[in-house]
Protein chains: 2
Amino acid sequence: MTGIQEIARATGLSKSTVSRALRGLPSVSETTTRSVQRTAERLGYIPSSSAAGLATGRTRAIGVLVPVIDRWFYVKVLEGIDAQLRAAGYDLILYNLGGRGGDRERVFHRSILRKRVDALVVLCLVFDPGEREQLQAMEYPVIVVGGPGPGVRHMGIDDRKAGFAATSHLIELGHTAIAHIGGEDESGLNAAVPLERREGFIAALAAARIEARDEWIVNGGFVFEGGYRAMKELLSKPGPRPTAVFAASDEMAFGALAAIAQEGLSVPGDISVIGVDGHQNGEVLGLTTIRQNPYQQGVDATRVLLAELEGRGHTESFEPAPFDLVRRRSTGAPRPLDPEDSLDRVR
Amino acid sequence: MTGIQEIARATGLSKSTVSRALRGLPSVSETTTRSVQRTAERLGYIPSSSAAGLATGRTRAIGVLVPVIDRWFYVKVLEGIDAQLRAAGYDLILYNLGGRGGDRERVFHRSILRKRVDALVVLCLVFDPGEREQLQAMEYPVIVVGGPGPGVRHMGIDDRKAGFAATSHLIELGHTAIAHIGGEDESGLNAAVPLERREGFIAALAAARIEARDEWIVNGGFVFEGGYRAMKELLSKPGPRPTAVFAASDEMAFGALAAIAQEGLSVPGDISVIGVDGHQNGEVLGLTTIRQNPYQQGVDATRVLLAELEGRGHTESFEPAPFDLVRRRSTGAPRPLDPEDSLDRVR
DNA sequence: GTGAAAGCGCTAACAC
DNA sequence: GTGTTAGCGCTTTCAC
């Protein structure tokens with residue numbers, strides 16, 4: 001009900017001065033500013049973001065486009081973005097594609113295009129050419145966190161290297177029978193991350209002259225339950241059993257650990273497990289992992305966008321985000337070979 | 001760049017007709033509507049939500065206020081809200097308090113109060129009187145999902161009954177040495193939920209004439225790691241060991257299971273565990289739980305708000321949301337007593 | 001340091 | 001079914 005106008009009337013000032021005072025512009029005398037603020041408070045003034053948005057062309061809101069919400073990585077990035085936005089006084093509009101086929105069309109055609117936001121952070125999505133065109137068309141800054149895609153700059157770890165590092169860790173421990181739980185991300189939304197981690201896996205094997213077995217590469221869909229099922233599948237296969245598993249995410253690794261425990265096997269005695277992410281629960285569970293910092297990635301991405309909105313600089317590409325190996329008790333050297341095998345060797 | 005005006009010019013129609021056509025109002029001829037839409041498409045027209053918002057007083061956005069993001073329950077409710085909002089063409093603005101002390105002030109004074117949203121869904125928060133006043137002041141509909149608080153209507157399960165049901169299940173199995181992992185929600189934001197579940201626990205014990213032991217009520221902060229630590233604490237205490245544990249959330253129950261496994265004890269042989277929530281991972285892990293449906297609660301809450309925004313009806317209070325007991329392998333009868341005890345009994 | 005006036009892009013009476 | 005006319009509540013030149 002109360003607008004800037006009423007405050008103007010009440011203070012005997014003009015609308016413009018009130019507006020300036022409310023925004024804390026330096027061109028207003030301190031006395032005036034204080035008086036305006038008091039009056040605003042007293043009258044219960046509530047600014048209208050629509051009006052301000054219309055006048056300035058800025059919404060002071062940033063959109064975040066996520067494939068699905070229910071995933072550790074996305075939540076952590078979201079937290080980082082949110083923290084940064086809060087500090088800057090921006091609001092966060094959440095666009096959830098909601099999994100496979102979760103009408104991207106709607107998001108691209110209706111929501112995002114409404115000039116609701118000043119910029120967009122996209123998590124782990126690869127765009128089709130039409131969508132890229134759309135993004136280009138609205139002129140605001142866009143940044144992808146999490147998986148590289150053609151035509152859009154992105155921020156995140158080098159997933160191929162991460163996969164390589166994880167696998168190399170297992171190899172260094174002496175493993176040669178190594179499986180991989182990866183997968184099409186079940187949300188079907190970004191092929192890049194799972195693919196690259198798998199490539200790293202295969203490259204590491206190749207570098208050690210270990211043959212990759214197709215039947216030891218299974219799909220865990222990047223979720224706990226998927227990791228569990230994938231591990232069960234690996235354990236139930238005829239023939240030799242892998243002595244180590246590289247899971248492309250910690251959540252899948254947790255599932256794998258659950259499956260292993262349920263089968264009465266021990267970790268790392270029977271099987272070593274390594275994940276990727278640095279999920280906090282890994283500490284308690286003793287999961288060795290390739291740790292990254294999605295929260296920080298969210299923070300950094302947001303910083304870049306905010307800087308651009310304020311007209312300071314523009315960055316076209318970024319250093320890969322850092323990751324490191326955290327050794328815990330889920331990985332160890334493989335069991336010494338069976339007696340007969342050993343004898344074979346000795347001969 | 002392109003506004004409704006340009007379309008008017010290009011089609012030779014008036015601004016108003018274009019506006020109507022764009023919104024698909026029935027008072028416009030089909031021919032006109034189609035022509036307008038084509039032209040809009042051709043010119044790459046992007047509507048301005050600020051302008052529409054200013055003119056109508058509606059933003060077509062709904063705010064969701066969460067204590068923290070990183071929690072299964074909140075994420076599920078969020079998913080439900082989001083699905084409903086998408087269907088209705090509304091955007092979702094996420095206000096994250098970000099844990100204890102996560103400047104509520106900012107949210108209340110700056111963001112929400114900017115008329116950014118038409119309505120507000122609040123997850124599990126209890127407001128202080130000042131905040132309630134604020135909420136009242138801005139006239140839009142508010143609904144709380146998850147924990148009852150004074151002065152605001154809410155939707156969710158009866159947490160006291162849930163706690164009672166969980167504990168009763170353990171008692172029915174024959175347990176009398178029952179511990180509780182609950183806690184101040186570490187985000188410090190809503191006392192109601194943990195308190196009520198604990199009350200239910202105590203009431204169930206009382207109903208069975210079992211004495212509640214203070215040292216068997218421990219704080220798990222509603223997170224996995226907290227559940228783990230709480231369980232460790234319980235196991236390390238001198239004196240008799242509980243034969244069953246009621247964890248106030250599944251995430252804490254998972255942590256408890258991890259701790260139990262790590263101590264070399266068996267479930268439910270040595271200790272039974274029951275949780276609350278119906279977390280999907282509980283299926284794989286075999287966790288008995290009091291299942292609720294936060295997704296649906298999100299959907300329902302949003303429906304109520306949208307209905308009110310469209311002027312159809314207003315509901316002041318709701319039936320408690322349903323829950324049910326899901327029996328899985330984490331609970332069972334306690335071990336028969338020790339021989340000597342049995343002898344004692346026999347005598 | 002402050003004010004007057006124009007206008008951001010749309011919607012909503014009200015006419016016709 | 002379509003056009004005309006006012007605003008919605010702010011910001012922003014441009015004056016003074």
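Computed over heavy atoms, backbone and side chain alike; hydrogens, waters and symmetry mates excluded. Chain letters run A, B, ... following the sequence lines, proteins first and then strands; every chain starts at 1.
- Inspection of the B:Ser14 and B:Thr17 side chains reveals an N or O donor paired with an N or O acceptor under 3.5 Å.
- Nearest heavy-atom pair, B:Leu94 versus A:Asp82, reported as atom, atom and distance to 0.1 Å: O-OD1, 4.5 Å.
- For the pair A:Arg9 CZ and D:dG9 P, the computed distance is 12 Å after rounding to whole Å.
- For the pair A:Lys15 NZ and D:dC14 C1', the computed distance is 16 Å after rounding to whole Å.
- The distance from atom CG of B:Leu22 to atom P of C:dT11 is 8 Å, rounded to the nearest whole Å.
- Proximity of A:Ser48 to the phosphate of D:dC10: no side-chain N or O atom is located under 4.0 Å from OP1 or OP2.
- The separation between A:Leu54 atom CG and D:dT12 atom P is 12 Å, rounded to whole Å.
- As judged by a 4.0 angstrom heavy-atom cut-off over every strand, B:Ser27 is placed among the base-contacting residues.
- Between B:Arg23 and C:dA12 there is a side-chain N or O to OP1 or OP2 distance below 4.0 Å.
- Figure legend: B:Arg60 and B:Tyr90 shown as a cation-pi pair, the cationic atom lying under 6.0 angstrom from the six-membered ring centre and within 45 degrees of its axis.
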_Applying side-chain contact (heavy atoms from CB on, under 4.5 Å) to A:Tyr140 and A:Leu309, what does each step give before you reach the verdict?_
CA-CA 8 Å; A:Tyr140 53 65; A:Leu309 287 177; 5.6 Å; no
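- When the nucleotides D:dG1, D:dC10, D:dG3 are ranked by their closest atom to the side chain of B:Leu13, D:dG3 comes out on top.
- Counting non-hydrogen atoms of other residues, nucleotides and ligands closer than 6.0 Å to CD of B:Glu310 gives a total above 12.
- Within 4.0 Å of B:Ser50, counting heavy atoms only, lies no atom of the nucleic acid at all.
- A:Arg60 has its CZ atom 14 Å from the C1' atom of D:dT11, to the nearest Å.
- The side chain of A:Val28 sits closest to C:dT2 out of D:dT11, C:dA12, C:dT2.
- Taking atom CD of residue B:Gln5 and atom P of nucleotide C:dG9, one finds them 10 Å apart after rounding to whole Å.
- For D:dT4, its base sits under 3.5 Å from the side chain of B:Ser16 at one donor and acceptor pair at least.
- Listed nucleotides: C:dA6, C:dG1, C:dC10. Nearest to the side chain of A:Thr32: C:dG1.
- The side chain of A:Thr17 contributes an N or O atom lying less than 4.0 Å from OP1 or OP2 of C:dG3.
- Note: NZ (A:Lys115) to C1' (C:dC10) measures 11 Å, nearest angstrom.
- Comparing D:dG3, D:dC10, D:dC8 by their nearest atom to the side chain of B:Ala55 picks out D:dC8.
- Protein atom CD1 of A:Ile4 is 8 Å distant from nucleotide atom C1' of D:dT11, rounded to whole Å.
- Taking for each of A:Ala51 and A:Arg20 the nucleotide of DNA chain C with the nearest heavy atom, the 5'-most of the two is the partner of A:Arg20.
- The side chain of A:Ser19 contributes an N or O atom lying less than 4.0 Å from OP1 or OP2 of D:dT11.
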